[in-house]
Amino acid sequence: MKPQKITRIAIANRGEVAVRIIKACEEMGIETVLLHSEVDMGTRAYRMATKTICIGPAPTSESYLNIQANIDGALAGGAQAVHPGFGFLSENADFAQACMDAGLIFIGPSPKATRTLGDKVNCKALAQKLGLPLVPGYQGANQELKHLIHEAERIGFPCIVKAAAGGGGRGMKVLRTKEEAGELIESAQREAQSAFGSAQVFLEKYLDRAKHIEFQIFGDASGKVHNLFDRECSVQRRHQKIIEEAISPSLTPETRKKMGEAACLIAESAGYQGAGTVEFLYQDGEFYLLEVNTRLQVEHPVTEMVVGVDLVKAQILTAQGEPVFNSKNPMIPRGHSIECRLYAENPYLGGVPSTGVLGKVEWPEGPGRRYEYGFEEGDEITSFYDPMIAKVIVWDETRPRAIQKMIRVLKDSVVFGVHTNIPYLIEILSHPEFVSGEMTTRFIEKHFSEPLQVQVLTEQEKQIAEEVAKQLAPTAAENRIISETSPFQTFWRGI
Ligand code: ADP
C-alpha cells in the first residue's frame, strides 16, 4: 500500500478513549472531528477536538451505534479516516465496510479479518483448523433448547452459555446443573436477542479456577504480526474486567512464548492489520483460546507502559501504510504496570451507578503515573453510557511496587460529585490473593460479592470532611451532601 498521510480523523466514540485518540492526533499534527451525541456536548473530548459534529440524541442506537449518522458526520467534518475507539462500532465489520464504501479509511482491521476473528464462532473454527487449544464446547447451528441441553450434558456441568454475537460479558450464564440449564439457556437467548440482535448461543465447559490472560498483537502494514506480550485481567465482576496488569505474574517464559506464538499465528492467518487482542483462559498450566478482540482494548495502556509503544499512533501509522515497530529490535517488556478502571458507582450499595455533575477532580502527579480521563469538573456523568469515568495506570520496576504505588495514587485521587469505586479498588489491591498474583476470574465472586462496609467516622472527622468538601466545591454542595456513604467521608482520600 502506498503511504497516504492522514490530516483529519473522525472519532466515532466518546469519553476517555476519544480523549486518548485526540491526544495522539495532536502529537502527530492531525486534526480531529468528534462525532458526539447531544448529551456529550461540552465534555472534555468535545472541548479538545478540532471540530465537533453532533450525530444524534443520547440513546446509543440513535448516535454512537448509528452507522449512517457516523459516516455522514465524518464526511461532513471533512475527515479522511475514522477511528472507532473501543466498544460501540469498533468491532462492527459493516461499519468498517461502510467507511470504505464512503471513501474513508477505517482505522482498524479489514471487514474480512473482523468477520473471521471478531465473530466468536468463526474464530473458534479457524483456531480449530490451526490446531490451537480451545475450551471444549458446542458451537453448532442447531439452537433447539432440547439439543442445547443435551450438548451441555455431553460437555459436562458446570458449563457456560454465551451469545455468539456477544461481548462485554453480556448474554453469558454459568450452568451448574441439568435442572437449571433450560431456564438459563432461554434467558441467555433472550438477552442475546435484545442486546445483539441475534439469539444464537454456544456452549463451553466452564473452567472454574482459570485466569484471564490475553496477548496484545499488532499487524503492521507489511502483513507481519508483532507480539506485544501479555496482560492479566483476572479481576472481573460479572465477567467484566476491573483491574488489568502487564505482564501476567503467572506465566513461565515457555508458556508465554507458546501463547504469544499462538496469538500471532491466528492473527496472521486472518490477514490481521492493526491492534488486536487474543484472549485466553489459563488453568493448571494449560491455555485455551477464548476469543479475539479486533480493536484497541480498554486496558491497552498497561502494554504501552511495559513495552514502550504508543498503540494509537501505531494504528494511525499503519492506516497510513507506514511501518511500525522494528522487528530487528525485538520488544522486551520492562517493569510492571497496573490499570484500575474508575467507575462512577457506589461501592457501599453494591456498585449501583452514580450519576451527576462532576465536582472538583484531582489526579496526583508523580513518577510512573498516568491518567486517562474523559470528564472534568462540570461534566455530567449520565446514565446513558458505561459508568467508567477514568482509568488510573501506574508503572514501577516490580509488581509489589506497582501495587504499592497504585494504592497510594488511589488514596490521593479526588473525585467529587459522584461516588466512585476507589475504596473498592483499594480493598482489592490489598487482598492477599491479589498480592500473591494467584487470583482467578472468580476472585471477586469469592471475596467481594458483598457491598463494602461503611467506615464509621467520629464527630471531629465528620466536621473536617464537611469543611473540606465545602471549601473545595462550594457551587454544588447540595450534590455532595456528606452522608454515611459519601466516598469522601469514608477516607478513601487517605486523610
Ligand atoms: P465477552 O466477549 O463478553 O467479554 P468472553 O468470552 O471474552 O466474553 O469472556 C469474558 C469472561 O468470562 C472471561 O474473561 C472469563 O472470566 C469468563 N469466561 C468466559 N468463558 C469461560 C469459560 N469457558 N470458563 C470460565 N470462565 C469463562
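No experiment lies behind these values; they were computed from the predicted model shown. Whatever order the structure lists them in is the order used to number ligands and atoms, beginning at 1. Atom set for the values below is all heavy atoms of this structure, side chains included, hydrogens, waters and symmetry mates excluded.
With ligand atoms numbered from 1 in the order given, ligand 1 contributes 16 (O) to contacts under 4.0 Å with heavy atoms of Thr441. In summary, the atoms of ligand 1 found under 4.0 Å from a heavy atom of Tyr206, numbered by their order in the structure, are 24 (N), 25 (C), 26 (N). Heavy-atom proximity to Glu204, at under 4.0 Å, picks out these atoms of ligand 1: 20 (N), 21 (C), 22 (C), 23 (N). Within the listing of ligand 1, atoms 13 (C), 14 (O) sit less than 4.0 angstrom from a heavy atom of His212.
Residue Ala210 places no heavy atom under 4.0 Å from ligand 1.
Remark: side-chain polar atoms of Asn70 are not paired, donor with acceptor, to backbone N or O of Ala10 under 3.5 angstrom.
Of all the listed residues (Lys162, Arg170, Lys120), Lys120 holds the heavy atom that lies closest to atom 1 (P) of ligand 1.
Atom 18 (N) of ligand 1 has as its closest protein heavy atom Ile160 CD1, 4.1 Å. Nearest non-hydrogen protein atom to atom 27 (C) of ligand 1 is Leu281 CD1, 3.8 Å. Nearest protein heavy-atom contact of atom 17 (C) of ligand 1 is His239 ND1, 3.6 Å. Atom 16 (O) of ligand 1 has as its closest protein heavy atom Gln236 OE1, 2.6 Å. Distance from atom 3 (O) of ligand 1 to its nearest protein heavy atom, with residue and atom name: Gly169 N, 2.5 Å. Among protein heavy atoms, atom 10 (C) of ligand 1 sits closest to Met172 CE, 3.7 Å.
For the pair Glu291 and ligand 1, the shortest N or O to N or O distance falls below 3.5 Å. By the 3.5 Å distance cut-off applied to N or O atoms, Leu207 is counted among the residues near ligand 1.
For the salt bridge (Lys or Arg N to Asp or Glu O under 4.0 Å) with Glu244, the qualifying choice from Arg341, Arg231, Lys391 is Arg341, the only one to do so. When each of Arg154, Glu151, His147, Glu204 is checked for a side chain to side chain donor-acceptor pair (under 3.5 Å) with Tyr138, only His147 meets the rule.
Residue contacts with ligand 1, taken as heavy atom pairs separated by less than 4.0 Å, involve Glu279 solely via side-chain atoms from C-beta onward. When heavy-atom distances to ligand 1 are checked against a 4.0 Å cut-off, Asn293 has no atom that comes that close, whether in backbone or side chain.
A donor and an acceptor atom, one from each side chain of Ser250 and Glu232, are located under 3.5 Å apart.
Electrostatic pairing of Glu291 and Lys162 does not count as a salt bridge here, judged by no charged N lying under 4.0 Å from a carboxylate O. Between Arg20 and Asp310 a salt bridge is recorded (basic side-chain N to carboxylate O distance below 4.0 Å).
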(message) As a quick check of understanding, evaluate ring-ring contact (aromatic ring centres under 6.0 Å, His included) for Phe218 and His226, giving each step before the final call.
(response) CA-CA 5 Å; Phe218 197 99; His226 301 263; 7.3 Å; no
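Here Phe106 and His83 keep their ring centres 6.0 angstrom or further from each other. Checked against the 6.0 Å centroid threshold, Phe448 and His431 count as a close aromatic pair. Between Tyr64 and Tyr385, the ring center distance clears the sub-6.0 Å criterion.
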